[in-house]
Amino acid sequence: MDHERPISPSSLQTHFVDIHEVLPEEEEEGDPTMADKSENKRFNRHVRVRDVKRSHRSFRRQVSLETGFSVLNRESKARDHERKALPRSGRSFGGFDSENRIGMEGRKGDFSIFRTKSTLSKQNSLLPSRIKDQKEMECHRNIEGSEGLDESVNKSVPAGRYFAALRGPELDQVKDYEDILLPKDELWPFLLRFPIGCFGICLGLSSQAVLWRALATSPAVEFLHISPFINLALWLFALAVLVSVTFTYILKCIFYFEAVKREYFHPVRVNFFFAPWVVCMFLSISVPPMLAPATLHPAIWCAFMGPYFFLELKIYGQWLSGGKRRLCKVANPSSHLSVVGNFVGAILASKVGWQEPAKFLWAVGFAHYLVLFVTLYQRLPTSEALPKELHPVYSMFIAAPSAASLAWRTIYGEFDGCSRTCYFIALFLYISLVVRINFFTGFGFSVAWWSYTFPMTTASVATIKYAEDVPSFLTKGLALTLSFVSSAMVSVLFVSTLLHAFVWRTLFPNDLAIAITKRRLAKEKKPFKRAYDIKRWTKQALTKNNSVRKQFDAEKEG
């Protein structure tokens, strides 16, 4: 009778284990929590040491522990090197460039994920029925495929995600290690590149119309003999620009509503949704006397202040509710746009003869200005860190107290103590920003820079009104100086806009800020987890190997 041969120690020197590679597509299709549980269950299994003589046909993939460990280290280092800088091409996200894309095979620059979903099924209604059915099925597959690949396309992006993924003066540039949903190496459609910040151009021009109306009618600077036709020309030009920008952005709302939603959830750009109504109220206040009566109709105030009031109810409610968009999380200097409109609306309400609504708006605006001012000053530890590139928007600090000073004087008819207090706050902030020249250097031009002009213009108008009540050489000289600075700034920005639009053609680059992902991609972290897991497998196998050797030695000695 043949006895079983004892296993020699030499046969235990090299062992093989099964390593079943898990495809990324399989992990993404299921529930991530269930995938984690299944992975943990699989990792916790005992690794069985197999003899060399076992048939190789039963193995899916066999590597020796020593060889697999060294290869895995090389792969993890290579993937770590690739992880440091993502191409941000829009191809690496969600499998957009893979062969298994649903309804997107071979298609370059597919921007349908940001198109208005209700228009996709209607855009081919005039085609023959067979072709139309194919187009509708393809559009339906595109929508379902994009929604299945990533839920962040159609859902709101957290406010903190914008601060984490973006940089620049208006949080409009993607950081180097972030990926985007759209291709970066090709030019996007014009409407996708047209930002809500274009209303900053209207803010700058309409506030200049207010300034030159004050220069033409104020007794403090009557020695200049400013012609009222300058105010008329600026008012008509500002109105034409407002109509053009509004019409273009309405087209964007119609065709790319998903991109508009992304801008609404942007912590900086959401404040520019207040800008169109502020511009309309600026134009109502600065309307030339030759075009309108002395007292405007109250319906004008209702038409412009109504949408602004409902929008601020929404935004102020988010500040107050304590959610993810509470004030300490999203506060930035451009948030002053959501406050300034209350003071501008108070001025317009006083001009139409409604004093009580004017006082109400002034109180609401001043209360929220104080809260915003304190929040921006102390920068709570729980809030997102304000990027260094956001320094230029600090000029917004000047707008609210200047507008509050003008509103108080318009309501009560004199530049009394409260009005002067607000004015002096604005003047001090103006001086504190002027002496910090480095705050406003080293940044590229964009259309959003126009919004930084109206705070300077508002401070100039407040200085003119202050010079009327306190006439002196100093106050008049200050009024003329600030007016010249604000007008010069608008002129420089106007020339820069023309050059970037028609000469260099760089006014509207790809709007990368709207194409960030809802969460930072974590695919690159999985190889590190596998590296740790295989190390653990190796340790378990070597431990079992040692135990088998000890058992063999004990049997041999016995």
Check the pair V447 / F508 against side-chain contact (heavy atoms from CB on, under 4.5 Å), numbers first and verdict last.
-> CA-CA 8 Å; V447 292; F508 299 110; 4.3 Å; yes
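- Heavy atoms from other residues, nucleotides or ligands lying under 6.0 Å from OH of Y264 number more than 12.
- Note that CZ of F304 is 8.0 Å distant from CG of L283, once rounded to the nearest 0.5 Å.
- Ring centroids of F194 and F190 are separated by less than 6.0 Å, placing the two rings close together.
- In this structure, H336 and Y369 have tilted ring planes: the angle between them lies in the 30° to 60° band.
- The side-chain heavy atoms of L203 and T453, taken from C-beta on, include no pair separated by under 4.5 Å.
- Using a distance-only test at 3.5 Å, with no hydrogens or angles considered, a donor-acceptor pair links the side chain of R262 to the main chain of I516.
- The two residues N510 and K184 have their closest heavy-atom pair at ND2-O, 3.7 Å.
- Closest approach of S487 and Q208 over heavy atoms only: OG-OE1, 3.1 Å.
- Counting heavy atoms from C-beta outward, L192 and F255 have side chains that stay 4.5 Å or more apart.
- Heavy atoms only, all atoms of each residue included: L376 and A331 are closest at CD2-C, 3.7 Å.
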Criterion side-chain contact (heavy atoms from CB on, under 4.5 Å) on V221 and K476, from CA distance to verdict = CA-CA 7 Å; V221 291; K476 293 180 181 180; 5.6 Å; no
Report the C-alpha distance between R161 and R520 in whole Å, list the side-chain angles of each, state the deciding distance to 0.1 Å, and finish with yes or no for side-chain contact (heavy atoms from CB on, under 4.5 Å).
-> CA-CA 8 Å; R161 177 71 182 132; R520 184 176 174 182; 3.8 Å; yes
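- For the atom pair CG of L187 and CZ of R505, the computed distance is 11.5 Å after rounding to the nearest 0.5 Å.
- Proximity of a side-chain donor or acceptor of W362 to a complementary backbone N or O of A404 within less than 3.5 Å is detected.
- Under the 30°/60° scheme for interplanar angles, the aromatic rings of F373 and Y377 are found to be tilted.
- For an aromatic pair to be called close, the ring centres must be under 6.0 Å apart, and Y423 with Y466 satisfies this.
- T497 and W450 share a side-chain donor-acceptor pair at under 3.5 Å.
- For the atom pair CD1 (I398) and CG (L482), the distance works out to 9.5 Å, reported to the nearest 0.5 Å.
- With respect to the salt-bridge test (charged N to carboxylate O, under 4.0 angstrom), the residues E178 and K175 do not qualify.
- No donor-acceptor pair closer than 3.5 Å links the side chain of S350 to the backbone N or O of I347.
- Atom CG of residue L182 and atom CG of residue L512 lie 9.0 Å apart, to the nearest 0.5 angstrom.
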Check step by step if side-chain contact (heavy atoms from CB on, under 4.5 Å) holds for L296 and V287.
-> CA-CA 10 Å; L296 299 175; V287 61; 4.3 Å; yes
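- For the atom pair CH2 (W449) and OG (S395), the distance works out to 9.0 Å, reported to the nearest 0.5 Å.
- The shortest distance between side-chain heavy atoms of C302 and W354 falls below 4.5 Å.
- Open room surrounds CZ on F229; 12 or fewer heavy atoms of other groups in view lie less than 6.0 Å from it.
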Should D172 and R269 be marked as a salt bridge (charged side-chain N to carboxylate O under 4.0 Å, His left out) after you check the CA-CA gap, both sets of side-chain angles, and the distance that decides it?
-> CA-CA 10 Å; D172 53 354; R269 295 191 185 183; 5.5 Å; no
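- A pairwise comparison of heavy atoms in V344 and M281 identifies CG1-CB, 3.7 Å as the closest pair.
- Taking the six-membered ring for Trp and thresholds of 30 and 60 degrees, F309 and F360 have ring planes inclined between 30 and 60 degrees apart.
- Residues passing the side-chain hydrogen bond (donor to acceptor under 3.5 Å, both in side chains) test with S472 are T475, sequence neighbours excluded.
- The shortest distance between side-chain heavy atoms of H368 and Y316 falls below 4.5 Å.
- Listed for the W212 side chain is no donor-acceptor partner under 3.5 Å among the backbone atoms of P228.
- In M305, the CE atom is crowded: over 12 heavy atoms of neighbouring residues, nucleotides or ligands sit closer than 6.0 Å.
- Annotation for F247: atom CZ does not count as buried by contact number, only 12 or fewer foreign heavy atoms lying within 6.0 Å.
- Side chain of R167 to main chain of Q173: no donor-acceptor pair is present (N/O by atom type, distance under 3.5 Å, no hydrogens or angles).
- At distances below 3.5 Å, not a single donor-acceptor pair connects side-chain atoms of Y308 with backbone N or O atoms of V278.
- Checked by atom type, the side-chain pair Y412/Q355 shows no donor-acceptor distance below 3.5 Å.
- Other residues, nucleotides and ligands contribute at most 12 non-hydrogen atoms within 6.0 Å of the CH2 atom of W277.
- In this structure, the side chains of W235 and F282 stay at 4.5 Å or more apart for every pair of heavy atoms.
- Residues D511 and I514 have side chains in contact (heavy-atom distance under 4.5 Å, counting atoms from C-beta outward).
- Across every non-hydrogen atom of T116 and C253, the tightest pair is OG1-O, 3.7 Å.
- Using a distance-only test at 3.5 Å, with no hydrogens or angles considered, a donor-acceptor pair links the side chain of D469 to the main chain of F415.
- L191 has its side chain out of reach of P189: every pair of non-hydrogen atoms, C-beta onward, lies at least 4.5 Å apart.
- Using a 3.5 Å distance cut-off with no hydrogens or angles, the side chains of S405 and S419 do pair a donor with an acceptor.
- Inter-residue side-chain proximity for W504 and L499 is flagged as met; some heavy-atom pair is nearer than 4.5 Å.
- Shown here for R193 and W188, the closest heavy-atom pair between the two residues is NE-O, 2.8 Å.
- In this structure, S244 contributes its side chain and A240 its backbone to a donor-acceptor pair below 3.5 Å.
- Residues satisfying the salt bridge (Lys or Arg N to Asp or Glu O under 4.0 Å) test with E414, not counting sequence neighbours, are none.
- Note: Y430 OH to S402 OG = 9.5 Å, rounded to the nearest 0.5 Å.
- Listed by first and then second residue, the salt bridge (charged side-chain N to carboxylate O under 4.0 Å, His left out) pairs involving residues 228-242 amount to none (not counting sequence neighbours).
- S218 and E468 share a donor-acceptor pair across their side chains, judged by distance under 3.5 Å alone.
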